[in-house]
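Since the structure comes first, as structure tokens, the remarks are kept for the end.
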2 protein chains.
Amino acid sequence: MKIGELAKHAGCTAETIRFYERTGLLPKTSRTAGNYRFYDESHLERLRLVRNCRALGMALGEIRALLAATSDPHADCATVDQLLEAHIGHVAARLAELAHLQEQLLVLRARCHDGTQAVRDCGIIQALNGTPDICHLM
Amino acid sequence: MKIGELAKHAGCTAETIRFYERTGLLPKTSRTAGNYRFYDESHLERLRLVRNCRALGMALGEIRALLAATSDPHADCATVDQLLEAHIGHVAARLAELAHLQEQLLVLRARCHDGTQAVRDCGIIQALNGTPDICHLM
DNA sequence: CTTGACCCTGAAGTTACTACAGAGTGTCTA
DNA sequence: TAGACACTCTGTAGTAACTTCAGGGTCAAG
């Protein structure tokens, strides 16, 4: 199949595939007489792995490591496990950060009650003008 | 004060401040005889507002809008409220996304029990090789 | 007068793509 | 057979929010 069809099957664009090839995430593939890239099922499988990992929020570097750990099908999957574990840790950390942010934002919102006061008297702006220690909001 | 001191007070680097100036988030300031930027308390206040907003996860574009809404201290703060409300929405959406991701990652992890099997038999890799609809994991 | 800490500018690197511009290829229809 | 149209090619530049670097200048202390 050509790049457009591969893209459709993988749920991404042709540009993305060319980008992955350029950066070594996908191997260079064969070309037709007209210099079009030509793909088969194995390419689709690899691309799907990459796209699934991206959908799970992994960075391309993490995926590269995962592909390396997968390259020998007889190797054990301890490395894969570790990479996944590390990524779960990243996501958990980001989740905690965001939850904390959201909490602060809700407190901040509560400081302005009707939106009709002058900006300089608004509790939101006053809080945002404070020291970087945003915790004084609480 | 000079840029290094301002940076220290605001909890960022001098490069960040120069970047904010270049992109119009901070005004161009006066210079000393030796061409050093020179700042006072009002600059610090504005920079803190910017950094606080960044700490709350706002994009520079959002902050630019907020600064514009704040520029007239007699205007009412309805616009400020709206901007904050929109940002709270963004964070909530991102939180929901991340929570969903984390759920999928935990399911994925459960598919490999001991890390000693061959990569090609590993449930993790099998799942990652599937269709982009990662929900088949569940 | 030299050392070291600080500052200056301008350009390039980072991530993961996306969006061109300008050209060639392939198929279908008139 | 010619034209229209969809698709593909390469290479470059743009995005966000900085960070890093090269190659300088400034200033106070010893």
Side-chain angles (χ1 to χ4, degrees), chain A residues 1-26 28-39 43 46-67 86-87 90-91 94 97-98 101 132, chain B residues 1-26 28-39 43 46-67 86-87 90-91 94 97-98 101 132:
Chain A
M1 68 191 112
K2 286 185 290 178
I3 197 169
E5 199 183 341
L6 181 68
K8 212 167 288 176
H9 283 302
C12 65
T13 70
E15 280 86 8
T16 300
I17 294 171
R18 283 192 280 259
F19 167 74
Y20 286 163
E21 182 187 301
R22 225 174 26 249
T23 56
L25 219 51
L26 297 180
K28 298 205 174 194
T29 186
S30 55
R31 302 288 183 115
T32 67
N35 198 33
Y36 287 6
R37 288 172 182 81
F38 204 75
Y39 300 97
H43 293 99
R46 178 148 178 165
L47 178 53
R48 275 193 174 139
L49 192 147
V50 172
R51 294 303 294 174
N52 281 335
C53 289
R54 286 292 297 136
L56 290 170
M58 289 186 205
L60 295 189
E62 290 179 289
I63 300 174
R64 236 179 285 277
L66 200 125
L67 285 170
H87 182 59
H90 300 160
V91 174
R94 184 72 187 130
E97 271 176 37
L98 267 190
L101 274 189
Chain B
M1 68 192 112
K2 285 186 290 178
I3 197 169
E5 199 183 339
L6 181 68
K8 211 165 289 175
H9 283 302
C12 66
T13 70
E15 281 84 10
T16 300
I17 294 172
R18 283 192 281 258
F19 168 74
Y20 286 164
E21 182 186 302
R22 224 175 27 249
T23 56
L25 220 52
L26 297 181
K28 299 207 173 191
T29 186
S30 55
R31 302 288 183 114
T32 67
N35 198 31
Y36 287 6
R37 288 172 182 82
F38 204 75
Y39 301 96
H43 294 99
R46 178 148 179 165
L47 178 54
R48 273 192 177 140
L49 192 147
V50 172
R51 294 304 293 174
N52 280 337
C53 289
R54 287 293 297 137
L56 290 170
M58 290 186 203
L60 294 189
E62 291 180 289
I63 300 174
R64 236 180 286 276
L66 201 123
L67 285 170
H87 183 59
H90 301 161
V91 173
R94 184 68 187 135
E97 272 176 35
L98 267 190
L101 274 189

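All chains are named by letter (A, B, ...) in the order of the sequence lines, taking the proteins before the strands, and each is independently numbered beginning at 1.
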Closest-nucleotide mapping onto DNA chain D: is Gly34(B) or Lys8(A) further toward the 5' terminus? I mean the 5' end.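 That would be Lys8(A).
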
Of Asn35(B) and Arg54(B), whose nearest nucleotide on DNA chain D comes first from the 5' end?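 First, find each residue's nearest nucleotide; the 5'-ward one identifies Arg54(B).
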
Assign [X] to base, sugar-phosphate, or nothing according to its heavy-atom contacts below 4.0 angstrom with the strands shown.
X	result
Thr13(B)	sugar-phosphate
Ala59(B)	sugar-phosphate
Phe38(A)	nothing

Output the rounded distance in Å from [atom1] ([X]) to [atom2] ([N]).
X	N	atom1	atom2	answer
Met58(A)	dC17(C)	CE	P	14 Å
Leu60(B)	dT15(D)	CG	C1'	12 Å
Phe19(B)	dT19(D)	CZ	C1'	10 Å
Tyr20(A)	dA16(C)	OH	P	9 Å
Lys2(B)	dC6(C)	NZ	C1'	6 Å
Glu5(B)	dA5(C)	CD	C1'	14 Å
Glu21(A)	dG11(D)	CD	C1'	14 Å
Glu62(A)	dT14(C)	CD	P	18 Å

Just checking, any donor-acceptor pair under 3.5 angstrom between side chains of Tyr20(A) and Arg51(A)?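 The answer is yes; a qualifying pair exists.
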
For Arg31(A) and Asn35(A), does a side-chain donor sit closer than 3.5 Å to a side-chain acceptor?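 Present: a donor and an acceptor within the cut-off.
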
Any side-chain N or O of [X] below 4.0 angstrom from OP1/OP2 of [N]?
X	N	answer
Thr16(A)	dT18(C)	yes
Arg31(A)	dT25(C)	no
Arg37(A)	dT25(C)	no
Arg18(A)	dT12(D)	no

Between [options], which one does the side chain of [X] approach most closely?
X	options	value
Arg22(B)	dA16(C), dT19(D), dC8(C)	dT19(D)
Tyr36(B)	dA17(D), dC7(C), dT18(C)	dC7(C)
Ile3(A)	dA16(C), dT8(D), dC7(C)	dT8(D)

Kindly list each side-chain donor-acceptor pair under 3.5 angstrom involving residues 59-67 of chain A, sequence neighbours excluded, with atom names and distances?
{"from": "Glu62(A)", "atom 1": "OE1", "to": "Ala59(A)", "atom 2": "N", "distance (Å)": "2.8"}
{"from": "Glu62(A)", "atom 1": "OE1", "to": "His87(A)", "atom 2": "ND1", "distance (Å)": "3.4"}
{"from": "Glu62(A)", "atom 1": "OE2", "to": "His87(A)", "atom 2": "ND1", "distance (Å)": "3.3"}
{"from": "Glu62(A)", "atom 1": "OE2", "to": "His90(A)", "atom 2": "ND1", "distance (Å)": "3.2"}
{"from": "Arg64(A)", "atom 1": "NH1", "to": "Thr23(A)", "atom 2": "O", "distance (Å)": "2.8"}

Specify the closest pair of heavy atoms between Arg46(B) and Leu26(B), including all atoms of both residues, with the distance to one decimal.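 Taking every non-hydrogen atom into account, CG-CD2, 3.9 Å.
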
Should the pair Arg94(B)-Glu97(B) be classified as a salt bridge under the 4.0 Å nitrogen-to-oxygen rule?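 Salt bridge present between Arg94(B) and Glu97(B).
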
